[in-house]
Amino acid sequence: MVASLTVFGGPASAVQSVRVSVDSDAIDLTRAVERYSAQGDRIQVSTAPGADGIVRRIEVSALEPGAQPAWIVFALTNDSDEQLTRLIVAPHFRFVGSGVIWPDLGSSRIATITASQGSAPEREDNPESDVFRLTLDPGTTVTYVAELRTPNLPQLYLWEPDAFKDKSTSLTLYEGILIGIAGLLALFLTIVFVVRGAMIFPAAAALAWAVFAYVCIDFGFWRKMFGLEDAAERIWRAGVEATIGATLIVFLFAYLNLRRWHVRYTHFALAWLALMAAVVGLSVYNAPVAAGVARISIATVAGLGFLLILSLAARGSDRAVMLIPTWYLLAVWVVAAGAAALGYLTNDLAAPGLVGGLVLIVMLIGFTVMQFAFSGSGGAVDSGPDAERRSLAMTGSGEGIFDWNVLADEVSGSEAIESQLGLKRGALEGPAAGWLDVLHPLDRDRYTLALDGLLHQRSGRINHDLRLRGSDGHYFWYVLKARPVISADGEVVRVIGSLSDVTELKSAEERMLHDAVHDNLTGLPNRELFNDRLGAAILMAQKPGGAAPTVMIIDIDEFQSVNDSYGLSIGDSALLAVARRLARDLNPGDTLARLGGDTFGAIVLAEPRSMDAPARIDALRAALAAPISFGEREIALTVSIGAAHYDPKLHGKGGDLLADAQLALANAKKGGGDRVEIFAHLMRSQRSDRQTLENDMRRALERGEISILFRPIVRLEDRTVAGFQSLLRWRHPRLGVLDEDEFSSAAESTGAIVDIGAYALEATARELAAWQKALEVNPPIFATVAASSRQMLSHDLLSDVRAALGRHYVQRGSLKLAAAESLVMENPEYAAALLQRVREIGAALMLDRFGAGYTSLGHLPQYRFDAMRIDASLVRPNSFGARSPILRSIVAMAQEIGMDVISEGAETESDAVELAQLGCQFAQGAAFGQPMSAAAARKLMGAAVV
């Protein structure tokens with residue numbers, strides 16, 4: 001039958017009438033009731049129709065006017081010919097479905113029940129449940145409206161009175177048995193603690209008492225004994241759950257003896273215990289929150305504890321191995337308890353079964369610790385004349401005694417060692433873990449593993465070198481020799497041995513080892529150690545994400561003249577000064593070595609794709625350029641540097657990378673010294689085919705193998721193409737396309753660079769004239785042409801420029817002759833005169849690759865160049881993502897003296913934006929295009945310029 005229901009403020013709904021038979025002992029009404037949240041202090045109900053089919057309406061008011069309680073509505077039908085008496089039972093606390101976070105700890109559930117007809121249900125006294133007795137007349141259907149004290153109603157049963165009494169009686173017997181077992185277990189472990197005072201026994205006893213208290217509360221024993229109210233019982237329940245979590249931590253910590261070595265475990269356990277103590281205090285103010293934290297803590301201790309036990313068992317800990325079955329059962333119990341609390345396990349026997357399982361686990365824990373209750377307290381100890389003679393012998397030998405009482409965890413007999421280390425008397429006595437504070441960090445694991453090995457294996461000897469810290473902070477070397485003392489039951493009860501001071505012997509060994517792999521003069525690693533570290537760097541680079549090494553060979557130019565002019569002592573001092581300057585500019589992970597004579601080697605580590613290696617090499621060369629002072633004397637040294645970057649395709653081992661760096665150094669020496677050469681693959685062929693390359697260079701122009709490419713230069717203000725940099729390319733018939741840097745050395749040595757330079761001027765002027773005639777933009781398109789050192793020193797340069805401008809009309813100053821910074825600094829007077837002559841002809845002179853050399857900012861105003869191109873090494877961000885702080889100063893000074901600034905290295909759009917913010921007018925790089933043919937350049941300008 002269906003009852004029509006109307007609630008104030010809500011729509012009507014229906015409730016299913018439950019049929020009650022004569023032989024039904026218990027009916028679960030939990031899912032048969034309709035629940036309504038507080039919407040007022042009255043509720044109107046349309047009753048379920050009876051046998052006559054009439055629907056009536058009743059109105060029920062709350063016990064307290066103005067209150068907004070929660071309500072439940074259900075209907076019962078008696079189809080039999082007998083009058084039925086039943087009990088409505090709503091348990092106060094029910095672990096099943098109580099939840100984990102903010103759990104429902106229980107209280108009185110139902111305030112009153114109103115029937116639509118017949119006599120009202122009568123409340124019966126029951127400390128654990130709300131029980132109402134009701135009577136159903138034959139053939140009647142009664143609708144009941146119950147006012148709830150709390151919104152939660154985990155369970156509602158309709159019991160036959162005798163069946164409910166039998167169920168309560170049988171459960172009481174079960175509860176009494178469990179309470180008795182838990183109490184006896186706790187008392188027994190307490191007695192064991194009195195007999196044996198080791199920490200493991202009070203920890204186990206505390207856990208047993210906490211479980212005993214939980215059983216008493218859960219079974220209502222304390223309520224009956226002390227007359228606890230609902231609010232007080234909630235506080236006690238939350239506090240005891242938190243106590244179980246705390247005692248589990250204490251037991252696990254004590255049983256596994258974590259305090260012996262693992263200081264971090266001690267700190268962690270103390271912090272956890274402090275948290276649980278705070279949770280116990282919190283239960284007084286907010287019991288549900290405290291219980292939620294306690295339940296999460298118990299689950300965490302069970303899970304992490306099981307992992308810790310497995311880890312220690314894998315290392316050979318007997319205690320951990322023996323605890324695995326018990327802790328596994330605890331983990332299973334925690335999973336089952338969580339399932340019950342979350343409502344996944346709803347059987348009526350779940351809650352009593354979980355309590356019984358908890359008592360069983362504590363019983364297993366008690367059995368586990370019992371094997372340690374009466375173990376032997378010591379082994380045989382020497383006495384009499386033999387012991388006295390051995391003691392005198394130890395004293396006469398100057399060795400210290402190491403005596404560790406394992407059961408008491410106390411080390412004694414260290415007075416001689418304390419005196420040698422300058423420590424206070426008793427500093428080394430106490431727990432074995434107390435030695436960890438004075439042991440060298442690298443020796444602590446060896447010390448703990450050695451002692452643990454004796455305990456686990458119950459045999460063997462220790463013979464280990466250890467370092468102990470003295471009162472002044474210095475470390476002294478000792479040899480620890482010890483053996484275990486076994487008791488009658490086979491347990492290790494003591495570890496006895498000696499400590500011998502071997503500091504002088506170790507110091508001598510370290511000096512010999514250091515001298516074998518270090519240079520005697522500078523103290524730097526020698527070639528053997530350098531090669532070893534280079535091999536290790538190659539292996540690291542071959543791993544994913546490994547740093548790629550760069551090898552630099554630094555050779556002092558004409559160093560023999562220093563020895564000849566000033567003497568060997570001054571020469572040695574100069575080598576020391578060079579070594580200090582090089583070491584100052586290297587990072588801690590880099591390696592600097594003296595390879596022999598006046599040659600040094602460096603291994604510089606950089607992250608993959610890092611672009612700061614060229615800048616670091618130039619910084620090293622700049623640091624060595626400053627004169628070295630010896631009293632009133634100053635010696636100016638120059639160095640040649642050959643560098644090779646790691647390439648996995650070329651450098652399978654360290655020797656290959658070192659050989660390529662030496663080849664780059666040889667090229668730097670061939671160029672006159674005082675320069676930096678970066679290894680290029682072409683250098684390998686140059687070793688055997690340099691003459692052939694120079695012969696090919698002489699006929700390259702005749703064969704038409706030299707061509708010109710143009711790299712765009714963009715105006716940052718509006719991102720239009722402002723000009724181009726002309727670049728030479730050699731299409732070698734055998735080696736393929738070679739960049740200008742790869743054949744410029746051969747062109748310089750053969751003198752062909754003069755003719756190639758004239759050709760570049762002619763081709764660039766021709767293309768520039770065509771661009772300016774086609775576009776007619778203002779300012780006009782410009783082009784830059786590099787001038788080599790031979791061209792700069794040749795008298796034909798001005799005539800070549802004049803001839804190119806005479807044959808092709810280009811606007812004045814738009815053809816810019818680019819002179820390298822290093823070349824300008826080597827010939828400052830000549831550069832100033834050349835600048836004036838170039839302007840008179842109608843071209844312009846640009847300072848090229850500024851930042852690659854050593855020009856001072858203070859020298860810029862005296863040259864008055866028309867433009868400056870900043871080298872990419874100053875533009876690229878360093879390893880921290882920041883650009884060189886000098887970049888802003890360079891741009892500001894160049895603009896102040898009227899120079900146009902072109903920046904290389906604009907690789908991304910963000911680079912271009914940042915360069916524009918710094919004040920650069922022009923930029924070139926991958927962000928604006930790679931070198932292209934003249935036809936591609938004309939197409940680009942047609943698309944870019946409006």
Side-chain angles (χ1 to χ4, degrees), residues 18 20-35 60 62-63 69-78 83-98 104-137 142-176 217-234 237 346 348-352:
V18 178
V20 182
S21 62
V22 176
D23 56 351
S24 60
D25 291 336
I27 300 175
D28 188 354
L29 300 178
T30 308
R31 300 180 181 275
V33 301
E34 292 289 344
R35 303 167 187 258
V60 180
L63 292 179
W71 306 85
I72 61 170
V73 179
F74 59 95
L76 302 177
T77 299
N78 180 10
Q83 187 181 60
L84 300 179
T85 300
R86 292 292 184 266
L87 300 178
I88 297 293
V89 180
H92 290 179
F93 173 76
R94 179 174 167 83
F95 181 79
V96 176
S98 61
D104 178 9
L105 298 182
S107 63
S108 178
R109 304 293 182 176
I110 300 176
T112 183
I113 299 179
T114 302
S116 62
Q117 62 177 322
S119 59
E122 299 177 358
R123 178 184 291 272
E124 295 190 351
D125 291 335
N126 192 300
E128 299 177 359
S129 304
D130 291 321
V131 179
F132 293 84
R133 181 181 293 271
L134 56 84
T135 301
L136 292 174
D137 293 329
V142 183
T143 301
Y144 296 92
V145 180
E147 178 184 345
L148 302 182
R149 295 188 188 274
T150 65
N152 298 328
L153 183 65
Q155 190 177 51
L156 186 68
Y157 267 94
L158 183 69
W159 280 93
E160 197 277 327
D162 293 334
F164 180 70
K165 181 179 180 181
D166 293 341
K167 175 253 185 185
S168 301
T169 302
S170 60
L171 187 59
T172 300
L173 178 61
Y174 172 78
E175 292 172 350
I217 293 176
D218 195 70
F219 289 163
F221 182 73
W222 280 12
R223 175 187 285 270
K224 298 173 183 177
M225 290 291 295
F226 305 110
L228 295 180
E229 298 294 333
D230 287 342
E233 186 174 9
R234 287 158 58 90
R237 188 181 298 278
T346 58
D348 287 342
L349 298 178

Show me the donor-acceptor pairs within less than 3.5 Å that the side chains of residues 144-154 make with the rest of the protein, sequence neighbours left out.
unit_1 : atom_1 : unit_2 : atom_2 : d
E147   : OE1    : L63    : N      : 3.0
R149   : NE     : S108   : OG     : 2.9
T150   : OG1    : N152   : O      : 3.2

Anything under 3.5 Å between a donor and an acceptor, one on a side chain of residues 83-91, the other on a protein residue two or more places apart or in another chain? List them.
unit_1 : atom_1 : unit_2 : atom_2 : d
Q83    : NE2    : D137   : OD1    : 2.9
R86    : NH2    : S21    : O      : 3.1
R86    : NH2    : V22    : O      : 3.3

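Here the CD atom belonging to Q155 is positioned 5.5 Å from the CG atom belonging to D28, to the nearest 0.5 angstrom. Separating the CG atom in L156 from the CD1 atom in I27 is a distance of 11.0 Å, to the nearest 0.5 Å. Distance check: I110 CD1 to W71 CH2 gives 12.5 Å after rounding to the nearest 0.5 Å. The OG atom of S119 sits 9.5 Å away from the CG atom of L136 when rounded to the nearest 0.5 Å. Here the CZ-CD distance, from F74 to E34, works out to 12.5 Å after rounding to the nearest 0.5 Å. Once rounded to the nearest 0.5 Å, the distance linking CZ of R94 with OG of S129 reads 10.5 Å.
No donor-acceptor distance shorter than 3.5 angstrom exists from the side chain of N126 to the backbone of V131, with no hydrogens or angles considered. Panel note: side chain R234, backbone D104; no donor-acceptor pair is recorded below 3.5 Å.
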Open item on the list: Run the side chain to side chain contact (heavy atoms under 4.5 Å, CB included) test on K167 and W159 for me, step by step, so that the C-alpha distance in whole Å, both residues' side-chain angles and the decisive distance to 0.1 Å come before the verdict.
Closed with: CA-CA 10 Å; K167 175 253 185 185; W159 280 93; 4.0 Å; yes

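Closest heavy-atom contact between R35 and I72: CG-CG2, 4.1 Å. Taking all atoms of both residues into account, the shortest heavy-atom contact from Y174 to P352 is OH-O, 2.8 Å. Shown here for A26 and Y157, the closest heavy-atom pair between the two residues is CB-CD2, 4.3 Å.
Listed by chain and number, the residues in a side chain to side chain contact (heavy atoms under 4.5 Å, CB included) with A120 amount to none (sequence neighbours excluded).
Counting heavy atoms from C-beta outward, D218 and F93 have side chains that approach closer than 4.5 Å.
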